[in-house]
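Worksheet: the structure to be examined is printed underneath.
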Amino acid sequence: MLSYLLFSITIGGVYALLALALNLAWGSAGLVNLGLAGFFGIGAYATALATGAGLPVALGLGIAMLAGVLAGLMVTGMTLRLRDDYLAIVTLGFGEVVRLVALNERWLTNGADGLSGIAAPGKAALGTAGFNWAWCIGVSLVVLLVALLLRRLDAGPFGRALRAVREDQELAAFAGKPVLRLKLQAFALSAAIAALAGALYAHYQSYISPDHFQPLITIYIFLAVTAGGLGRPLGAVLGAYAVVAFLEGTRFLAAEVPGIEPVQVAALREALVGLSLLLVLHLRPRGVLPERIPAAPKVSA
Amino acid sequence: MTAALAVSGITRHFFGVAALGGVEFAVPAGSITGLIGPNGAGKSTLLNVVSGLLKPDGGEVRFMGEAVTGAAPHRLAARGLTRTFQVARGFPKMSVFQHLMLYGPRQPGERLLQAPMWGAAARRREAELAERAWSIARRLRLSHVIDAPVTALSGGQKKLVEIGRTLMAEPRMILLDEPMAGVNPTLTAEIAAHLQALNAEGITLCLVEHDMALIRQLCGHVVVMAQGRTLVTGSFDEVVANTEVQEAYLGRRH
């Protein structure tokens with residue numbers, strides 16, 4: 001039971017990183033990214049292939065983030081003129097392209113069988129229990145670090161400029177903001193964080209396959225960010241842990257319902273997820289921790 | 001007389017229709033120049049070309065002696081050219097204070113690599129800008145609503161925020177697109193006084209306006225446009241006395 005709990009917290013941390021990534025692109029800069037699972041997958045495959053070729057894990061994480069940045073720059077470069085629903089459609093397509101490439105380019109990704117035996121640092125030295133503890137703490141620390149960094153970014157002049165781009169990019173340009181550069185930076189950094197989440201996931205599970213990067217993950221993360229509070233890094237983190245707790249919790253709850261098949265249990269869980277989002281948004285329309293307008297600092301007259 | 005803004009031979013077509021057919025005009029440095037003309041004369045298009053929103057098909061725009069034709073709005077802003085809009089625009093979820101701060105130039109903290117560190121330079125600049133933002137808010141009597149989102153303000157207050165944030169940008173010249181549109185007479189007088197005070201501080205103004213009394217009161221130099229061209233330039237009295245202008249714009253009754 002303890003190892004299951006540690007596992008859930010670690011996966012919650014991976015989701016929290018994805019939620020932070022989405023909140024940066026979508027919440028702060030207004031760039032809808034429905035291809036989050038694609039960046040997640042790119043990070044996972046990049047580090048799996050790099051460490052598979054003999055590179056150390058630390059370098060693998062770096063390569064994963066770099067791959068995320070490059071993919072992010074490529075997607076923003078192709079979609080500069082798109083916003084809102086159009087950007088959403090193109091990024092959704094991108095996420096699916098990543099998954100289909102992973103599925104079909106067998107020479108590189110081993111297709112549907114996936115890549116197994118990915119380096120799991122600490123597993124041999126610490127044993128299974130120690131490994132679970134170490135990764136739970138390690139991933140949580142990464143989440144904390146990234147969340148604090150993004151909160152700092154968000155509260156400062158950079159975050160203010162991103163918000164201006166989100167609200168009216170034409171007016172932001174007249175305000176002297178380099179809109180294009182800001183969009184590229186926000187999206188690339190967001191992609192790097194999503195890729196880091198993927199890389200951590202790959203090393204933790206030591207097995208990945210295209211099935212792990214279904215668009216459903218993106219939907220869960222959108223749900224987490226929306227319920228947690230769009231535009232607040234801490235809201236995104238809270239939402240992500242809540243979603244994982246809910247997904248895992250309903251596993252037990254749905255099993256208590258008598259007389260239904262396992263397939264129906266799975267369907268019931270997803271129905272409950274949808275219902276709870278409706279409930280949260282009904283009670284707190286802007287999420288549990290909504291975006292705030294910071295008060296102006298007082299200056300002596 | 002040096003020109004802050006010099007426009008020569010600007011053409012711009014929309015779907016084959018010429019909105020601007022070779023506009024020539026100059027805004028003398030330090031002046032308040034009025035740009036007038038009947039509806040469809042091309043005033044807004046010209047303002048959009050000069051401010052970088054539209055690229056002209058031909059011609060040249062010079063700002064403070066340097067060619068800036070087709071330059072992006074944020075580059076023009078960096079050179080000291082800003083504009084306001086006919087219908088006051090704002091960032092809906094940002095407060096008055098955030099609007100003012102946003103327009104402050106040269107904030108190193110806007111660069112991604114410096115942003116997370118929040119270096120001493122960024123903090124110092126932020127403090128300078130905050131002080132300026134407060135003094136502008138007090139001057140425009142907006143300090144009591146400084147933390148309110150702009151969507152919560154009255155139409156007149158939105159106009160004042162527009163002027164305030166333009167000031168934060170430390171402009172050398174402001175293009176104003178109908179600054180008095182939809183504003184009550186009391187506030188019109190207040191805004192006019194603000195504009196004159198800005199001009200007295202050395203900022204060149206160019207305004208598109210339909211209110212002739214206001215043009216007479218504010219503008220030392222007037223440019224009349226009709227059908228995508230400049231018709232006449234001169235003082236208000238000279239321009240009004242011109243028969244071509246009377247035909248094109250003011251009507252023969254005048």
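Every value quoted in this text rests on a predicted model; they were computed, and no experiment measured them. The figures here come from the full heavy-atom set of this structure, side chains too, leaving out hydrogens, waters and symmetry mates.
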- Query: Do R83(B) and F85(B) meet the cation-pi criteria used here (NZ or CZ under 6.0 Å from the six-membered ring centre, within 45° of the axis)?
  - Reply: yes
- Message: Taking P297(A)'s backbone N and O only, do any of them form a donor-acceptor pair with W134(B)'s side chain (distance below 3.5 Å, no angle check)?
- Response: yes
- Query: By a 4.5 Å heavy-atom criterion (distance strictly below it), what part of F91(B) contacts chain A: side chain, backbone, both, or neither?
  - Reply: both
- Task: Answer with side chain, backbone, both or neither: which region of R125(B) has an atom nearer than 4.5 Å to a non-hydrogen atom of chain A?
- Result: neither
- Message: Taking side chain as everything from C-beta outward and backbone as N, CA, C, O, which of these in L189(A) sits under 4.5 Å from a heavy atom of chain B? Side chain, backbone, both or neither.
- Response: side chain
- Message: Let me confirm one number: the CG-OG1 distance from N33(A) to T218(A), rounded to the nearest 0.5 Å.
- Response: 7.5 Å
- Query: Quick one: what part of M168(B) sits under 4.5 Å from any heavy atom of chain A, side chain, backbone, both or neither?
  - Reply: neither
- Message: At a 4.5 Å cut-off on heavy atoms, which part of A169(B) comes close to chain A: side chain, backbone, both, or neither?
- Response: neither
- Query: With only heavy atoms counted, which part of S51(B) is less than 4.5 Å from chain A, the side chain, the backbone, both or neither?
  - Reply: both
- Query: So which part of I146(B) gets closer than 4.5 Å to some heavy atom of chain A, the side chain, the backbone, both or neither?
  - Reply: side chain
- Task: Heavy-atom distances under 4.5 Å only: say whether L182(A) touches chain B with side chain, backbone, both or neither.
- Result: side chain
- Region of R151(A) that comes under 4.5 Å of a non-hydrogen atom in chain B: neither
- Item | Presence of salt bridge, R124(B) and E126(B), under 4.0 angstrom | no
- Task: Please check if the side chain of D147(B) supplies one atom and the backbone of A296(A) the other of a donor-acceptor pair under 3.5 Å.
- Result: yes
- Message: Between T47(A) (side chain only) and A44(A) (backbone N and O only), is there a donor and an acceptor less than 3.5 Å apart?
- Response: no
- Query: Do D177(B) and K43(B) meet the salt-bridge criterion of a basic N to acidic O distance under 4.0 Å?
  - Reply: no
